[in-house]
Amino acid sequence: MRKALVLACIFAAACGASGKRSVKGGGRRVVEHRDPIKPAAAKEFEAAMRAVRLGGPESNETARARLRAALKIDGSIWEAWYDLGVIAWKEGEDEEAIDDFGKALSQNPGHTPSLLARAEANRRAGKKKDARSDYQNAIKNMEEDDPNRRDGAARLASLLRDSGDYEDAVEVLRETVRVSGTNARIYTELGQIYIAQKRLELAQLVLAKAVELDAKDPAVYNALALLAQKQGKSQEAFERFDQAVALDATYIDARFNKASVLLDAGDYARAKVELAAIVEKRPDDYAAQVSLGVAHRGMKELPEAKKVWERVIKNAPKRSTARADAIWNLAILKIDFLEDPAGGKAELERYMQEAPSNHAKRQDVTNKCMEVKCR
């Protein structure tokens with residue numbers, strides 16, 4: 001199952017580049033005072049923000065160039081480092097994102113969105129200790145009654161859950177409830193922890209509380225679906241996944257999870273329907289596209305699978321997990337299904353050069369390379 005990024009601040013560019021700042025506000029701490037930004041630098045910064053607003057295939061590179069130009073003129077614009085980090089994160093360049101957010105924090109140490117953003121980049125890069133530290137520092141910066149505190153705590157708890165640190169995860173949530181109160185998100189995460197621990201009755205209890213707090217939160221029903229799946233109640237799981245999607249058509253994690261279950265069961269036709277619906281709503285959801293290729297392959301629709309994975313390789317961020325997944329799947333398709341060992345070997349060699357070092361298939365690719373005698 002994939003993990004959706006739930007912190008919207010990751011995708012928001014910082015606004016403004018001069019004047020005084022309040023010490024606290026909006027779930028963040030920022031510098032109290034700064035000297036005026038040099039006009040030429042401010043001009044470059046605004047041009048970068050305009051490129052982001054306009055969008056388009058070249059918007060990130062245009063914004064990146066403008067932000068770097070602004071920093072060359074005036075290195076005090078911490079917002080530019082933050083925005084560079086956002087762009088790097090979107091492009092799958094986690095190490096660069098970590099560095100950029102770190103430079104923003106060196107100038108504005110208490111900026112909560114930078115801490116949360118760096119936590120996400122560290123998390124995706126496999127640096128769980130650093131991610132944990134950033135989450136903890138971000139939470140400390142927030143007012144006790146700030147709703148973002150509970151969301152940040154739930155995110156930290158999910159990191160600990162993924163690492164198998166269940167007791168620490170539960171303690172984070174308990175402390176958050178003590179200080180800031182509870183919400184559906186807290187109970188939903190606690191339910192996920194209990195599911196991971198196979199304490200299914202407790203999971204059922206806390207997820208029922210989550211429903212009481214917010215009966216329209218699709219994440220609750222997604223968790224209930226995962227619980228039903230663990231209980232062997234496949235039909236109920238699918239109904240819960242559908243309920244989550246019905247509550248929020250933009251909440252596609254439930255649909256993706258349902259498709260993953262169907263793929264695991266070998267029901268490629270039904271999985272294809274779910275994944276095609278995701279791709280239609282979110283053409284840039286490259287993880288869904290990779291899985292759609294798997295469904296095509298399972299249905300012996302080999303040209304369609306090849307086309308999907310080639311499209312992901314062309315369009316997805318170069319250092320992204322989805323792109324590496326697509327390269328791996330295309331290599332196996334060519335070697336094992338299309339009788340194109342030379343083409344498959346070329347894809348394996350491309351994977352070795354371009355895939356993230358911590359990608360899950362790296363050892364499999366190494367083994368396959370030995371088998372087909374890559375360079």
Side-chain angles (χ1 to χ4, degrees), residues 1-5 85 87-101 118-132 134 158-165 196 256-257 259-260 263-264 275 284-298 302 305-375:
M1 305 297 179
R2 67 178 175 182
K3 300 170 180 65
L5 179 64
I87 293 170
W89 196 93
K90 287 182 178 179
E91 295 293 327
E93 298 166 353
D94 295 322
E95 293 297 336
E96 182 179 333
I98 292 166
D99 184 59
D100 290 338
F101 291 131
R118 191 171 66 176
E120 293 295 332
N122 275 316
R123 182 176 190 159
R124 196 166 66 179
K127 299 180 178 181
K128 295 180 181 178
K129 184 177 179 180
D130 292 336
R132 179 175 184 171
D134 280 338
S158 74
L159 171 74
L160 296 170
R161 168 170 56 86
D162 290 344
S163 303
D165 299 326
F256 188 94
N257 289 341
S260 297
L263 285 177
D264 290 342
L275 292 163
D284 61 346
D285 191 327
Y286 298 114
Q289 290 191 42
V290 170
S291 294
L292 179 59
V294 174
H296 281 305
R297 185 181 64 197
L302 304 186
K306 181 173 181 285
K307 186 182 300 183
V308 167
W309 290 327
E310 286 176 339
R311 185 167 60 244
V312 173
I313 293 168
K314 179 181 178 182
N315 296 327
K318 188 171 183 179
R319 301 291 292 176
S320 64
T321 297
R323 185 173 185 273
D325 288 339
I327 296 173
W328 159 251
N329 277 289
L330 185 59
I332 296 305
L333 182 74
K334 289 181 176 181
I335 294 170
D336 294 346
F337 294 87
L338 298 179
E339 299 181 357
D340 180 12
K345 185 164 71 170
E347 297 299 339
L348 293 173
E349 290 167 352
R350 173 158 62 172
Y351 176 101
M352 296 300 287
Q353 292 177 0
E354 300 179 5
S357 60
N358 62 341
H359 188 260
K361 292 296 182 181
R362 187 160 284 274
Q363 187 57 52
D364 291 334
V365 171
T366 300
N367 295 339
K368 198 70 175 178
C369 265
M370 292 176 65
E371 179 185 324
V372 299
K373 297 181 173 58
C374 296
R375 287 199 300 268

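As the structure is a computational prediction, the values presented were derived from the model and not from experiment.
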Nearest heavy-atom pair of [X] and [Y]: which atoms, and what distance?
X    : Y    : value
A288 : L275 : O-CD2, 3.9 Å
A97  : A121 : CB-CB, 4.1 Å
G293 : V308 : N-CG1, 4.0 Å

Between [X] (side chain) and [Y] (backbone), is there a donor-acceptor pair under 3.5 Å?
X    : Y    : answer
Y351 : A324 : no
N122 : K127 : no
W309 : V290 : yes
R362 : A355 : yes
R118 : A131 : no

Any Lys/Arg nitrogen of [X] or [Y] sitting under 4.0 Å from an Asp/Glu carboxylate oxygen of the other?
X    : Y    : value
K307 : E310 : no
E354 : R323 : yes
D162 : K128 : no

Rounded distance [0.5 Å steps], [atom1] in [X] versus [atom2] in [Y]:
X    : Y    : atom1 : atom2 : value
K334 : K345 : NZ    : NZ    : 13.5 Å
E349 : C369 : CD    : SG    : 6.5 Å
H359 : I327 : NE2   : CD1   : 8.5 Å
L159 : E120 : CG    : CD    : 9.0 Å
T366 : Q363 : OG1   : CD    : 5.0 Å
H296 : N329 : NE2   : CG    : 12.5 Å

Min side-chain heavy-atom separation V294-R297 under 4.5 Å: yes
